[in-house]
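What follows is a short report on a single structure.
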Amino acid sequence: MRLKLLVLALALSATAMPGHAEDLLGAYREARANDPVLAQADATRLATGEGVSQARALLLPQISGGLTLSQTNGGGGTALVNQNNPGQTIPTGLSGHTRTRSLSGTLSQSVFDFSKFANLKAAHSASDAQDEVFRAAEQNLFVRVATAYFGVLTSEDELAFAKANEDAFHRQYEQADQQYKVGLSAITNMYQAKAFYEAAKAQTITAENVLNDAREALTQITGKPTGALKKLREDLPLEPPSPNDQDAWVKQALANNPNLLAQQDNVQTAEHNITAARAGHLPTISAQVSYNKSDTWYQAANPGLERPGATTIGLTLNVPIFSGGLTQSRVRQSIYQRDAATDSMELERRQVVRDTLNFYRSVIAGIAQVQSAKSSVESGEKAVEAMRAGFDVGTQTLTDVLLAIQTLTSSESSYSQARHQFILNKLLLKQAAGTADLDDLQAINALLE
């Protein structure tokens, strides 16, 4: 109880905060609104999704229009034929000018171009891959917030243990100093106690720096200053993963892990790119409808020429014959890229299997670690009491007392880390399986007090 109160006091004194401590869900809400990593992933997802619209646009009708105005100065004594009256010519004059206005409009439609269809499929696959990458970023945000949050709690505990350690060594140093001054102990006891005390002070300074950096790590994600945080309650439920079967977790991870699914979509994208490259050997057909109208008029009172508009309708067949080996090179390049994507997918698959098994086993081992660390703390507390009592009656040396205090501090640190890491490993297992969601964060938040 004394230790828990000391940890709380240090947390409250480190930063001035309002009257309530922030919990894990509060930190996540801030991170969801302010985290640049997630925002970047979302922007990239939206940008990649536009590739679908762009690829589809090439399969839809293309309409363009144009207006041209031009003026020709001088004519060198030439004459134009009046098309309204072919028997009449119109002198342009040596110093006159001729003005022309042309209107045009074109409607074109791709009738057959296999590469464009393949590119559309590739764009869909690339968009699907980026959707999975964003889903992975969302799940990773759960883990990053929880890791940073418990990093602060662990650092606060470490500072509390360091301070308690320092105070304990300071008391032993003062006691040894007094005993030396009255001739009850050798000077070596005083020097030894002082050495332990000075080392403990250095550890406290290090713990303070680590805590400050841990707070900044959480601030980096949330974009808000980190204040007092709710802590993990003492009666932590030590439950194994559900289902308690590592093969079931691996199977789930291979089916749902978003990073692996993104790699699979990347392979599909590469396959469609190969098809698009090979389509460079195929003919293409397009249809066009165009309209052109041109008017010409002259300087002064000379009459102008107005030509009727002309409409042209046609099909264009384009047959590639030889492109200097460009198409063949693009096909080979696309195949190499597909092979690289396949290797990346296999690498990711193996990593997913490894991570899933590792976190599953870590959760199982974590149950025993927490229980063992708790027993170690309880034994360490009794050992310190016994050593101090023995030192007072002369059956134990000062070194025994100092080492017992040091062992207790180490046990308390291991217990704190084991508790926090057990919770994180359960969340990391869910992330590896591709099923981490807000419910998991809420479940963890319910363990805080």
> In Å, rounded to the nearest 0.5 Å, how long is the span from CD1 of I367 to CG of N425?
Replying inline: 11.0 Å
So does [X] pair up with [Y], basic N to acidic O under 4.0 Å?
| X | Y | result |
| --- | --- | --- |
| E271 | R338 | yes |
| K163 | E158 | no |
| K382 | E385 | no |
| R135 | E138 | no |
| R215 | D213 | no |
| K426 | D440 | no |
| R350 | E346 | yes |

> Can a cation-pi geometry be assigned to R419 and Y415, taking NZ or CZ under 6.0 Å from the six-membered ring centre and within 45° of the ring axis?
Replying inline: yes
Please say whether more than 12 non-hydrogen atoms of neighbouring residues, nucleotides or ligands are located less than 6.0 Å from [atom1] in [X].
| X | atom1 | value |
| --- | --- | --- |
| K121 | NZ | no |
| Q220 | CD | no |
| Q442 | CD | yes |
| Y291 | OH | yes |
| R45 | CZ | yes |
| R56 | CZ | yes |

Given side chains that start at C-beta, do those of [X] and [Y] come closer than 4.5 Å, heavy atoms only?
| X | Y | answer |
| --- | --- | --- |
| H281 | Q328 | yes |
| S416 | H420 | yes |
| L24 | L441 | yes |
| Q264 | L261 | yes |
| E132 | Q263 | no |
| F114 | T275 | yes |
| L211 | E156 | yes |

> side chain to side chain donor-acceptor pair (under 3.5 Å) between D355 and Q351: does it pass, once the steps are laid out?
Replying inline: CA-CA 6 Å; D355 289 344; Q351 187 66 51; 2.9 Å; yes
> Are F196 and Y173 near enough that their ring centres are under 6.0 Å apart?
Replying inline: no
>> Run T226 and T219 through side chain to side chain donor-acceptor pair (under 3.5 Å) and show every step you take.
In response: CA-CA 6 Å; T226 300; T219 298; 3.0 Å; yes
